[in-house]
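Report on the structure given below.
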Amino acid sequence: MSQSSRKRLLWRDLTLFDGLQVLPEPMAVLVEGDHIAGLWPEREFDPALAIGADKVGCGGVMTPGLVDCHTHLVYAGDRAGEFEQRLEGVSYEEIARAGGGILSSVRATRTASEDQLIAASLPRLDVLLADGVTTVEIKSGYGLTVADELKMLRVARRLGELRPVRVMTTLLGAHALPPEYAGRADDYVRLVCEQMIPAVAREGLADAVDVFCEGIGFSPAHCERIFQVAREHGLAIKAHAEQLSNLGGSALAARYGALSADHVEYLDEAGVRAMAEAGTVAVLLPGAFQVLRETQLPPIELLRQYQVPMAVASDANPGTSPICLPTLMAHLACTLFRLTPREALAGMTAHAARALGLPELGRIAVGAPADLCLWDIRQPAELAYAVQAGRLRQRIFCGEITHAR
């Protein structure tokens with residue numbers, strides 16, 4: 001496409017959060033094609049730059065498109081009954097050990113076809129998009145056989161073809177021990193390493209490999225073996241770690257150059273230090289914290305002290321965070337974890353993109369991809385302050401306005 005034929009979109013008089021901070025004065029933003037071509041303070045804007053551009057917005061708050069860097073969006077069935085059980089005093093671990101929890105979703109997902117999973121997942125994805133998400137990570141982990149994990153990842157990829165959103169996929173074969181492998185964790189990890197990861201890499205269905213390093217999940221030794229094989233196949237590494245106890249999973253993941261360690265409520269200083277040295281992002285998941293009524297807070301001050309980037313994600317899943325509202329997560333990150341609104345918004349833009357290995361996303365800067373949101377609010381902090389639908393005026397994905405009102 002020639003320079004003259006590229007679509008040019010112009011926004012004026014914006015309050016702008018660039019992914020890390022609120023800029024101190026009103027700004028103008030120019031998009032050409034699928035990238036940001038210009039960014040100026042209003043007082044420096046040359047009217048000649050507006051010639052040939054469509055002026056598509058004036059006023060409001062502009063942020064990067066939101067990045068939801070940790071979801072389990074593809075699944076069948078629901079776990080409302082377990083929600084009720086927990087409120088009656090049964091713990092998450094008790095439910096899991098009795099065959100519920102993740103395994104309940106596994107049974108439903110295994111019996112669902114790809115088309116059925118798409119039909120179930122699209123409404124959840126649509127809610128994310130309506131709340132400003134332009135990039136979403138989707139994990140497998142409710143199949144726990146080679147065929148069913150591949151099925152879930154194919155569905156996740158198809159969702160990205162059916163909607164204007166960037167989908168990153170993660171193999172979470174080590175999510176739970178399937179019932180047919182009860183008492184044989186070593187054998188199941190062998191399946192993940194020798195069959196599942198090679199199949200996923202061969203078909204190009206995953207961008208990363210994740211594990212659940214926990215007493216009711218997989219041991220650090222099992223996780224390390226999976227990390228080794230993932231690295232051999234050129235796949236990025238992530239970890240569910242330190243959610244219910246401290247097994248050192250975050251530090252282990254950091255030693256393997258993990259993009260992120262997620263949950264991290266029980267993370268200690270040694271783990272924080274390891275993550276800082278490796279550049280591993282801490283992904284905070286306040287939805288699961290809220291639903292499970294946890295009391296152990298992530299070590300926010302230590303993460304600040306060691307300058308570990310903190311991302312914030314929905315953890316949208318059927319059991320522990322059945323919530324698809326990223327801006328609610330920004331609110332919970334502030335009220336439960338005591339992040340500032342600026343930290344929460346950075347956690348859903350620049351730092352979340354980094355947690356997916358996509359540092360070019362989640363920023364408003366010249367040359368960055370034109371994934372943007374224009375909000376009908378007066379200041380960026382309102383996105384974390386208020387839990388309120390309908391504030392998104394425009395959603396821009398790859399330079400195209402995909403939502404407007």
- Message: Does the plane of the ring in His175 sit parallel, tilted or perpendicular to the ring in His240? Use 30° and 60° as the thresholds.
- Response: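 Tilted, since the angle between the ring planes falls between 30° and 60°.
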Can you check whether [X] reaches [Y] side chain to side chain, under 4.5 Å on heavy atoms?
X	Y	result
Arg124	Tyr75	yes
Glu269	Pro299	no
Val308	Val281	no
Leu339	Val312	yes
Tyr142	Val74	no
Leu297	Glu265	no
Phe397	Thr402	yes
Leu358	Glu360	yes

For the [atom1] atom on [X], are there more than 12 heavy atoms of other groups (residues, nucleotides or ligands in this structure) within a distance under 6.0 Å?
X	atom1	value
Phe45	CZ	yes
Tyr256	OH	yes
Glu180	CD	yes
Arg166	CZ	yes

Residues [X], [Y]: salt bridge by 4.0 Å N-O rule:
X	Y	result
Lys7	Asp54	no
Glu382	Arg378	yes
Arg86	Glu84	no
Asp376	Arg391	no
Arg363	Asp371	no
Arg304	Glu343	yes

- Task: Please say which of Thr320, Val291, Asp262, Thr71 ends up in a side chain to side chain contact (heavy atoms under 4.5 Å, CB included) with Asp315.
- Result: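 That would be Thr320.
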- Message: Applying salt bridge (Lys or Arg N to Asp or Glu O under 4.0 Å), can you list everything that pairs with Glu114, at least two apart in sequence or on another chain?
- Response: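 In terms of salt bridge (Lys or Arg N to Asp or Glu O under 4.0 Å), with neighbours along the sequence ignored, Glu114 is linked to Arg154, Arg158.
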- Message: I'd like to know if the side chain of Gln116 reaches the main chain of Ser113, judged simply by a donor and an acceptor atom lying under 3.5 Å from each other, with no hydrogens or angles considered.
- Response: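 Such a contact is found between Gln116 side chain and Ser113 backbone.
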